[in-house]
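Numbers here are sequence positions counted from 1.
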Amino acid sequence: MRHRLLGNTGLQVSPIGLGTLTWGRDTTLSEAEDIFNEFLAIGGNLIDTSPTYGEGAAESTVGEVLQQAQASRDDVVIVTKGGFVPAADGNRFSASKNALLGSIDRSLRALQTDYIDVYLLQRPDPMTPIEETLSTLDIALRSGRIRYIGIANHSAWDTAQMHFLAQQLSTPLAAVSAEYSLLQRGVERELLPGVQKAGLGFIAWSALARGVLTAKYRHSTPPDSRAASPILSGFVQPYLTERHSGIVEAVLATANGLDTSPTTVALAWLKNQPRVTSALVGPRTGLQMKQIAEGAHFVLPQPLVDALNDVSAIEVGYPETNAR
């Protein structure tokens with residue numbers, strides 16, 4: 001895989017990134033090692049995690065995998081999220097100074113590393129002034145504990161506000177992360193055009209629409225799938241609708257015509273979108289990672305890209321149509 005620069009930075013990342021949502025819970029350490037080794041073999045270097053993934057076990061699993069991997073720490077780009085405070089009923093989110101600095105230290109210990117490449121705010125925090133959040137991230141940047149900062153799951157307006165204030169405070173954002181796939185193109189209305197104009201990197205999570213674009217849910221729910229999991233079934237269910245089914249059928253027809261897999265078609269469509277820096281996938285096994293590898297190199301013919309654009313098009317109206 002030919003690596004890409006993350007926005008206006010000098011950080012090079014692979015166009016396919018490795019997500020770890022189920023690591024430490026549904027994906028064992030041994031399975032995670034197989035997946036990561038296959039990921040390295042195809043030229044991948046970006047691994048995305050969070051203190052909340054795998055019921056809190058993903059970061060430590062990533063740390064164990066990196067310790068065993070045949071790769072230098074400098075060859076791996078770790079992306080994790082921040083602002084989580086452990087609580088009796090789960091994790092509480094806050095972008096306050098105490099919460100962020102504590103979250104960074106806990107992530108460093110779990111990941112068994114002394115720095116995080118890209119640190120993302122998981123979501124907006126209306127209770128904390130943005131100035132406090134950015135000044136705290138500046139402390140971590142200056143200490144070397146994190147190298148680049150970004151935000152995830154923010155609206156276009158919140159992203160613009162954070163971006164311009166970060167520039168004023170000399171703590172510029174490097175990246176934005178949000179869900180993006182053939183089944184979820186909402187970011188195209190405002191967020192992606194703004195990201196492009198601002199020169200930010202864009203990390204698309206759930207590139208396969210929570211697994212639905214693999215076409216495995218066409219007729220039933222596999223017992224080992226996320227839709228069958230009591231923890232993740234609600235995560236998948238929104239994409240098991242009639243409209244989404246029509247898009248999946250179009251992806252499958254395209255794949256059959258090209259003698260490839262729906263996974264390859266969906267990934268090829270997304271990673272070649274002009275504003276996408278890296279698209280995250282979350283394979284459950286090393287074999288699935290091998291199957292995904294084809295999509296890292298596959299190029300869809302433009303007429304088929306246009307056809308998929310049409311069948312999955314979202315409504316964009318006033319005032320977005322007046323954007324320059």
Side-chain angles (χ1 to χ4, degrees), residues 1-20 44-51 59 62 73-83 95 100-101 103-104 107-108 111 113-125 130-180 187 190-205 207 271 273-280:
M1 279 188 281
R2 178 173 294 180
H3 292 181
R4 302 167 173 176
L5 293 177
L6 187 68
N8 287 333
T9 76
L11 183 64
Q12 297 187 23
V13 300
S14 50
I16 300 295
L18 181 59
T20 61
N45 75 335
L46 186 152
I47 184 167
D48 177 271
T49 190
S50 168
E59 281 189 331
V62 170
R73 171 65 184 88
D74 292 338
D75 294 332
V76 180
V77 174
I78 299 176
V79 180
T80 194
K81 288 79 173 187
L100 284 175
L101 292 180
S103 181
I104 290 169
S107 289
L108 289 171
L111 292 165
T113 184
D114 55 5
Y115 69 95
I116 294 162
D117 297 275
V118 184
Y119 195 71
L120 303 176
L121 287 179
Q122 177 77 12
R123 59 177 181 267
D125 176 12
I130 296 176
E131 293 85 352
E132 177 180 339
T133 299
L134 290 172
S135 65
T136 303
L137 292 175
D138 183 56
I139 293 171
L141 284 166
R142 292 178 184 277
S143 71
R145 285 177 289 174
I146 59 178
R147 301 294 171 82
Y148 299 93
I149 62 172
I151 56 178
N153 307 308
H154 284 57
S155 69
W157 165 249
D158 286 330
T159 299
Q161 187 179 29
M162 184 74 79
H163 166 65
F164 288 116
L165 187 55
Q167 284 189 318
Q168 292 175 14
L169 298 176
S170 299
T171 54
L173 302 181
V176 167
S177 181
E179 185 174 6
Y180 188 28
V187 293
E190 291 187 310
L191 184 61
L192 273 181
V195 163
Q196 184 177 40
K197 290 180 180 179
L200 302 175
F202 183 78
I203 301 171
W205 61 264
K271 77 177 183 64
Q273 293 300 303
R275 299 157 181 159
V276 173
T277 311
S278 188
L280 300 180

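- A distance of 5.5 Å separates CG in L101 from OG1 in T136, rounded to the nearest 0.5 Å.
- When all heavy atoms of P193 and V187 are compared, the closest pair comes out as CD-O, 4.0 Å.
- For the atom pair CD of E59 and OG1 of T80, the computed distance is 3.5 Å after rounding to the nearest 0.5 Å.
- Side-chain contact between W205 and E179: present, with at least one pair of heavy atoms (C-beta onward) separated by less than 4.5 Å.
- With S107 as reference, I116 is the one residue of I116, I78, I146 to meet the side-chain contact (heavy atoms from CB on, under 4.5 Å) rule.
- L200 CG to T277 OG1: the interatomic distance, rounded to the nearest 0.5 Å, is 9.0 Å.
- In this structure, L121 and K81 have side chains that are not in contact, with every pair of non-hydrogen atoms separated by 4.5 Å or more.
- Considering CG of L192 and CD of E190, their distance stands at 11.5 Å, rounded to 0.5 Å.
- Taking CD1 from I130 and OG from S135, the interatomic distance works out to 11.5 Å, rounded to the nearest 0.5 Å.
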N/O donor-acceptor pairs under 3.5 Å from side chains in residues 156-167, not counting sequence neighbours:
from, atom 1, to, atom 2, distance (Å)
D158, OD2, S155, OG, 3.3
T159, OG1, S155, O, 2.8

**Request:** Show your reasoning for whether side-chain contact (heavy atoms from CB on, under 4.5 Å) applies to Q12 and L5.
**Result:** CA-CA 5 Å; Q12 297 187 23; L5 293 177; 3.6 Å; yes
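- Between G17 and S278, the shortest heavy-atom distance links the atoms N-OG, 3.4 Å.
- Contact check for V176 versus H154: no side-chain heavy atoms found under the 4.5 Å cut-off.
- At least one side-chain heavy atom of T133 sits under 4.5 Å from a side-chain heavy atom of L137.
- Summarising the geometry of G144 relative to R147, their closest heavy-atom pair is O-NE, 3.4 Å, with the distance given to 0.1 Å.
- Residues that satisfy the side-chain hydrogen bond (donor to acceptor under 3.5 Å, both in side chains) test with S50, not counting sequence neighbours, are T52.
- Considering only heavy atoms from C-beta on, V77 stays 4.5 Å or farther from I47 through its side chain.
- The nearest pair of heavy atoms linking V276 to A204 is CG1-CB, 4.4 Å.
- Contact record, Y115 with D74: OH-OD1, 3.1 Å, taken as the closest heavy-atom pair.
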**Item:** Criterion side-chain contact (heavy atoms from CB on, under 4.5 Å) on L11 and H3, from CA distance to verdict
**Value:** CA-CA 9 Å; L11 183 64; H3 292 181; over 6 Å; no
**Request:** Using the side-chain contact (heavy atoms from CB on, under 4.5 Å) rule, take Y119 and L141 through it: C-alpha gap first, then chi angles, then the decisive distance, then the call.
**Result:** CA-CA 10 Å; Y119 195 71; L141 284 166; over 6 Å; no
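- Taking both residues in full, the closest heavy atoms of A175 and L120 are given as O-CD2, 4.4 Å, listed atom of the first, atom of the second, then distance.
- Under the 4.5 Å side-chain criterion, counting only non-hydrogen atoms from C-beta, N45 is in contact with V13.
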**Asked** Does the pair L46 and L280 meet the rule for a side-chain contact (heavy atoms from CB on, under 4.5 Å), with working shown?
**Response** CA-CA 9 Å; L46 186 152; L280 300 180; 3.6 Å; yes
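- Using a 4.5 Å heavy-atom cutoff, the side chains of R142 and T171 are not in contact.
- For Y180, the ring-ring contact (aromatic ring centres under 6.0 Å, His included) test picks out W269, with sequence neighbours left out.
- Remark: side-chain polar atoms of S14 are not paired, donor with acceptor, to backbone N or O of G44 under 3.5 angstrom.
- The distance from the OG atom of S177 to the CG atom of N153 is 6.5 Å, given to the nearest 0.5 Å.
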